[in-house]
Number of protein chains: 2
Amino acid sequence: MSVEHTLLAVLSYWPSTGYDIKSEFEHKAASLYWGMSYGSIYPKLRKLEEEGFIFTLDQEEDGRRKKLYELTPKGWEELENWLLISPAYPVVKDELFMKMSTWHDDLDSTILIGHLRKRRGETEDILGFVKEWPSNGISFVSKFSALAIRFAEIRLEAEIKWIDEAIHVLQTNDLPEGQDLNGNVDKILTRRRKAIKENKEK
Amino acid sequence: MSVEHTLLAVLSYWPSTGYDIKSEFEHKAASLYWGMSYGSIYPKLRKLEEEGFIFTLDQEEDGRRKKLYELTPKGWEELENWLLISPAYPVVKDELFMKMSTWHDDLDSTILIGHLRKRRGETEDILGFVKEWPSNGISFVSKFSALAIRFAEIRLEAEIKWIDEAIHVLQTNDLPEGQDLNGNVDKILTRRRKAIKENKEK
DNA sequence: CGAACCATGTAACTAGTTACATGATTCG
DNA sequence: CGAATCATGTAACTAGTTACATGGTTCG
């Protein structure tokens, strides 16, 4: 897996401690990178050191011991070989998508609208951060990063546009037509109602 | 985790076997749902049955034994309680984003363009499938599903638009400005070149 | 009649999280 | 002076994949 490569990538920006890496991911995890816990960062850093991809620059700064990790020549090489191979297709795990697909007319659609509104807020927050990012006066953003961030921006904006559209069609009950060749919508409602009735009788 | 809930969700459409569930996810995994292997489906189904959320309808069809699973009243209840709680913010793991953010001028940008082109092709394929989906003459698509699928469509279209833009700016070397307050771009290239030089001398 | 598909399942492994332990420093 | 932050680390657990074993059926 490429968690190791992600660590090498972060270390390529500048030598960092395990703690730094975690913080770096904390705010960037915003729909772009993925998070990592200490429980996987520290053991992985040690493993990468044992294998000769990184080495430690022990530091005693204000009495605070810290282990800065830096890439070895072998580490640079490994990182760049990874950069050259074609990236895997992204994995998206979106519960909202799953829940919406499973929704039916016996459920209160205002709940679903609530989910959408909450998502809109979260997405808006991240979008705000992403828009500031390349000119926030603190972060390092290379021109390539800036291009990648632009992608995040476009994606988030598209999401907000869709959410607004979705809330609107749910409120006006103007949902798109689906495809129901076997009368599944009815079958589902029947199966559900029967199961619930059984439950009540019990 | 909500893998269990995802299984309940799929079973709510119609009673299915473990094999059916896997196939269902195979083609829908297209950037919308997430995949699952037999190694996690079968043990999970058994667990759900033990806990009383689903039950088996044993079938002997053409000498082929199969175990159809169906939701119990408790299963319907559990599913719907899950539908009502606010969905977690989606997790996206996109290596392309990571690789682009780590790119620098000592690497051949035509490789990165290659990555983008490949991604464009894959996304285009999925988009083709997604567009057909609600009217392909086979799939069951409720009106709520149709709305969710519309989201996938918008997202994929936005991605393609961005890829074209990105390829263009890379080819014309017209990348957006970043933010480099500490001369990091230079520092990175210096660290890298030094490491590579060390390696050659060895 | 063999390849592809339908169908179920497990053992060994890989990956990762959660929660805790520890201890120093900084800041309101 | 206590809370927040900096900093490292581990043990127990949860989740999930890969690869294999098994055996029947359908279709070219």
Side-chain angles (χ1 to χ4, degrees), chain A residues 1-8 10-11 14-27 29 33-51 54-70 82 88-89 91-93 95 98 138, chain B residues 1-8 10-11 14-27 29 33-51 54-70 82 88-89 91-93 95 98 138:
Chain A
M1 283 288 81
S2 56
V3 173
E4 279 94 338
H5 290 113
T6 308
L7 291 175
L8 296 181
V10 174
L11 292 179
W14 47 71
S16 305
T17 68
Y19 189 87
D20 291 337
I21 293 171
K22 172 93 165 111
S23 328
E24 184 78 7
F25 273 72
E26 213 68 39
H27 69 286
Y33 294 129
W34 47 101
M36 265 190 255
S37 60
Y38 292 126
S40 65
I41 291 173
Y42 285 112
K44 227 86 186 186
L45 285 173
R46 193 206 285 183
K47 198 187 149 213
L48 286 170
E49 185 171 25
E50 278 166 10
E51 292 170 343
I54 58 179
F55 65 98
T56 51
L57 297 159
D58 274 285
Q59 296 239 319
E60 192 83 22
E61 206 175 78
D62 319 298
R64 217 177 222 148
R65 80 167 172 139
K66 55 160 137 177
K67 287 168 82 173
L68 273 176
Y69 285 98
E70 165 67 310
W82 179 71
Y89 202 81
V91 176
V92 180
K93 294 193 182 191
E95 281 188 8
M98 192 73 231
I138 28 166
Chain B
M1 282 291 80
S2 56
V3 174
E4 277 94 337
H5 290 114
T6 308
L7 290 175
L8 296 180
V10 174
L11 291 179
W14 46 70
S16 305
T17 67
Y19 189 87
D20 291 338
I21 293 171
K22 172 92 165 115
S23 328
E24 184 78 8
F25 272 71
E26 213 67 38
H27 69 286
Y33 294 129
W34 48 100
M36 267 190 255
S37 60
Y38 291 127
S40 65
I41 291 174
Y42 286 113
K44 226 87 185 187
L45 285 173
R46 192 206 287 181
K47 198 188 149 212
L48 287 169
E49 185 170 26
E50 278 167 10
E51 293 170 343
I54 59 179
F55 65 98
T56 52
L57 298 160
D58 274 287
Q59 297 240 317
E60 192 84 23
E61 207 174 77
D62 320 297
R64 216 179 222 148
R65 81 170 168 136
K66 54 159 134 178
K67 288 168 81 173
L68 272 175
Y69 285 99
E70 165 66 310
W82 178 70
Y89 203 81
V91 176
V92 180
K93 295 193 184 193
E95 281 188 6
M98 192 74 231
I138 29 166

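The sequence lines fix the lettering, A, B, ..., with proteins before strands; numbering per chain opens at 1.
- Base engagement by A/Gly39 is indicated by at least one non-hydrogen atom pair under 4.0 Å involving a base atom.
- The interatomic distance linking B/Glu4 (CD) with D/dG16 (C1') rounds to 12 Å, in whole Å.
- Rounding to whole angstrom units, CE of residue B/Met36 and P of D/dT18 are separated by 14 Å.
- One finds a side-chain N or O of A/Tyr19 lying less than 4.0 angstrom from the OP1 or OP2 phosphate oxygen of D/dC6.
- Rounded to whole Å, the distance from NZ on B/Lys93 to C1' on D/dG16 is 11 Å.
- At whole-Å resolution of the value, NZ in B/Lys47 and P in C/dT10 are 15 Å apart.
- Between B/Lys67 and C/dG9 there is a side-chain N or O to OP1 or OP2 distance below 4.0 Å.
- A/Lys66 places its NZ atom 14 Å from the P atom of D/dG9, with the value rounded to the nearest Å.
- At a cut-off of 3.5 Å, with distance as the only test, no side-chain donor of B/Asp20 or B/Ser23 sits close to an acceptor on the other residue.
- Counted by atom type alone, A/Glu24 and A/Ser16 present zero donor-acceptor pairs between their side chains at under 3.5 Å.
- Rounded to an integer number of Å, the gap from A/Leu45 CG to C/dA15 P is 15 Å.
- As a whole-Å value, the separation of A/Ile41 CD1 from D/dT10 C1' is 15 Å.
- The CD-C1' distance, from A/Glu49 to D/dT8, rounds to 14 Å in whole Å.
- In this structure, B/Tyr38 does not reach the C/dG9 phosphate: none of its side-chain N or O atoms is under 4.0 Å from OP1 or OP2.
- An OP1 or OP2 oxygen of D/dT17 is reached within less than 4.0 angstrom by a side-chain nitrogen or oxygen of B/Ser37.
- At least one side-chain nitrogen or oxygen of B/Arg46 sits closer than 4.0 Å to the OP1 or OP2 atom of C/dT10.
- Residue A/Leu11 holds its CG atom at 7.5 Å from CD of A/Glu70, rounded to the nearest 0.5 Å.
- Backbone-only engagement by B/Thr17 is indicated by non-hydrogen atom pairs under 4.0 Å involving sugar-phosphate atoms exclusively.
- When every heavy atom of B/Pro15 is checked against every heavy atom of B/Leu57, the shortest pair comes out as CB-CD1, 4.3 Å.
- Along DNA chain D, the nucleotide closest to A/Asp20 and the one closest to A/Pro43 are compared, and the more 5′ of them pairs with A/Asp20.
- Of the side-chain N and O atoms in A/Lys44, one or more sit less than 4.0 angstrom from OP1 or OP2 of C/dG16.
- Of the side-chain N and O atoms in A/Tyr42, one or more sit less than 4.0 angstrom from OP1 or OP2 of D/dT8.
- In this structure, B/Lys22 forms a cation-pi arrangement with B/Tyr38, its terminal cationic atom sitting closer than 6.0 Å to the ring centre and no more than 45° off the ring axis.
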